[in-house]
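For reference, the structure discussed in these notes is given below.
First listed ligand is number 1; within each ligand, the first listed atom is number 1.
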Amino acid sequence: MLKLPENFRDYEEARREGFLKVKALKEQGINVVGIFCAYTPMELIYAAGAVPIGLCGTSEEPIPDAEMHLPKNLCPLIKSSYGFAISEKCPYFYFSDMLVGETTCDGKKKMYEILNELKPTHIMHLPQGQDKEHAFDYWKAELLRLKEVLEEKFNVKITDEMLRKAIKERNYERKILLDFYELGKLDPPPISGYEINTVLEALGFQFDRMKQCEFIKERTEELKEKYEKELKGKKTNRPRILITGCPLGGVRDKVIKTIEDSGADVVAFECCSGPREKMDLVDETIDPIDALTEKYLNVSCSVMTPNPRRFKTLDSMMDEYKIDGVIEVILQACHTFNVEAYNVKRFVTEKKEKPYLEIETDYSKLDVGQINTRINAFLEMI
Ligand code: BJ8
């Protein structure tokens, strides 16, 4: 069974603890911006003196509320996020002064239109691919527009200096988080994938960024030491698994925990619940808006067509993390990841010659038994 540290706090606990913290922020007069995606240039929000908070729903609880307005056959992440918003069950949504969304998948972008009736919502138009020359100029114009919107909304002038400071701080944070993710490269890993994923996703509810960086740094050091003293050189027969695909917040237990309880180690994540956005730092030496444009345009989500960076990342991660098998998680009705899965499967099985399993699921518990059986059969095959 999965071993977690004594002071481990689960995601829901961290989310609840954050309620009071966000209330305190508002009482201090700090503005809050609700966000939903790894394409959001958070540095612009920090430079405006506001705090970004992720509003992606990870629970099935508000889905029946969402289904009163939205189709049933929609991605659970979208329904959960929308359900929290309309049912007033999410203090993070309640305390948000405005929302920022991007035209990523169809479901999300149309949800933002409706959310605009509840909260002022600024929608950034994301280019559909990274390879066209004009994509950079188009996305840069969208960043400049967001800058203006934030300046107007929060009555602030965002200077280059403020942006450079925000970029520097976020780069520092990215390096620390990456170092933590990369503990999975150690063999055997000194930490479970479940802990990595929970700790990092729960960070979204910690608003003292330096304190959170210190906490992660300490835990990384502690685990590196544990590896050196207790684990280095020891062989295990647990397969090393990489998870790719959609965000995992709403299926953490039924996928990550099941894999690890079934005798494998989840050592790497190629998804937005992993280092997808953290791998590239923002260039601190060039114009800050150009640097942010370049950085965020390069996020390798399946909403981009073509999406070669995802395969490049998969290629290097599978080697660096010594992966024995890949499990792709598709949230139901996520067409972009679901269609791209065909190429991911071919890449993993034909080019990398490793086993691949695709799990399509939602936030309910109905398929827990079936997922368990499929994961166990897959691991036996490895
Ligand atoms: S950068 S993965 S956070 S879009 S799973 S809502 S794509 S139908 S969450 Fe995502 Fe940004 Fe991409 Fe990351 Fe739509 Fe798919 Fe649902 Fe998704």
Query raised in the report: Is Lys109 salt-bridged to Asp106, going by a charged N under 4.0 Å from an acidic O?
Result: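 Result for this pair is yes, salt bridge flagged.
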Query raised in the report: In terms of side-chain geometry, is the basic nitrogen of Asp367 or Arg374 positioned less than 4.0 Å from the acidic oxygen of its partner?
Result: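 Salt bridge: no.
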Which residue and heavy atom of the protein sit nearest [atom], plus the separation:
atom                     : result
atom 15 (Fe) of ligand 1 : Cys334 SG, 2.3 Å
atom 10 (Fe) of ligand 1 : Lys108 NZ, 3.7 Å
atom 16 (Fe) of ligand 1 : Cys75 SG, 2.3 Å
atom 11 (Fe) of ligand 1 : Cys37 SG, 2.3 Å

**Report entry** Rounded distance [0.5 Å steps], CD in Glu60 versus CG in Leu366
**Finding:**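 Output value for this atom pair is 7.5 Å.
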**Report entry** Distance (rounded to the nearest 0.5 Å) between Met68 CE and Ser87 OG
**Finding:**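 One gets 8.5 Å once the value is rounded to the nearest 0.5 Å.
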Relative to the heavy atoms of [X], which atoms of ligand 1 are at a distance of less than 4.0 Å?
X      : answer
Tyr39  : 1 (S)
Cys272 : 1 (S), 2 (S), 3 (S), 13 (Fe)
Ile78  : 6 (S)
Phe337 : 2 (S)
Ala38  : 1 (S), 3 (S), 11 (Fe)

Report task. Check whether the ring centres of Tyr356 and Phe347 lie less than 6.0 Å apart, and answer yes or no. Result -> no
Query raised in the report: Under 2.8 Å from atom 13 (Fe) of ligand 1, is there an N/O/S atom belonging to Cys301?
Result: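 Cys301 does not place any N, O or S atom closer than 2.8 Å to atom 13 (Fe) of ligand 1.
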**Report entry** Proximal candidate to atom 4 (S) of ligand 1 [heavy atom criterion; set Thr104, Leu77, Thr336, Ile35]
**Finding:**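 When every heavy atom of Thr104, Leu77, Thr336, Ile35 is considered, Thr104 comes closest to atom 4 (S) of ligand 1.
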Query raised in the report: With a cut-off of under 6.0 Å to the ring centre and 45° to the axis, is Lys119 in cation-pi contact with Phe93?
Result: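 Yes, Lys119 lies over the aromatic ring of Phe93.
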Query raised in the report: Can you list every pair that meets side chain to side chain donor-acceptor pair (under 3.5 Å) and has a residue in residues 28-48, with sequence neighbours left out?
Result: Thr40-Glu102, Glu43-Arg174, Glu43-Tyr296, Tyr46-Arg209
**Report entry** Metal site atom 14 (Fe) of ligand 1: N/O/S of Cys105 inside 2.8 Å
**Finding:**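 An N, O or S atom of Cys105 is closer than 2.8 Å to atom 14 (Fe) of ligand 1, so yes.
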Query raised in the report: Does some non-hydrogen atom of Pro247 fall short of 4.0 Å from ligand 1?
Result: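 Yes, that is the case, since the closest heavy atom of the residue is under 4.0 Å from the ligand.
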Query raised in the report: Does atom CG of Asn155 have more than 12 heavy-atom neighbours from other groups under 6.0 Å away?
Result: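 For Asn155, atom CG is not crowded (no more than 12 foreign heavy atoms under 6.0 Å).
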Query raised in the report: For Lys72, does the NZ atom have more than 12 heavy-atom neighbours from other residues, nucleotides or ligands under 6.0 Å away?
Result: no
Query raised in the report: Applying a 4.0 Å heavy-atom criterion (strictly less than), which segment of Ser302 is in contact with ligand 1: side chain, backbone, both, or neither?
Result: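 No part of Ser302 comes within reach of ligand 1.
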Requested in this report: Determine whether the side chain, the backbone, both or neither of Cys246 has a heavy atom under 4.0 Å from any heavy atom of ligand 1.
Outcome: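 The part of Cys246 near ligand 1 is the side chain, not the backbone.
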Report task. Give me the one residue out of Thr220, Leu200, Val199 that meets side-chain contact (heavy atoms from CB on, under 4.5 Å) with Leu177. Result -> Leu200
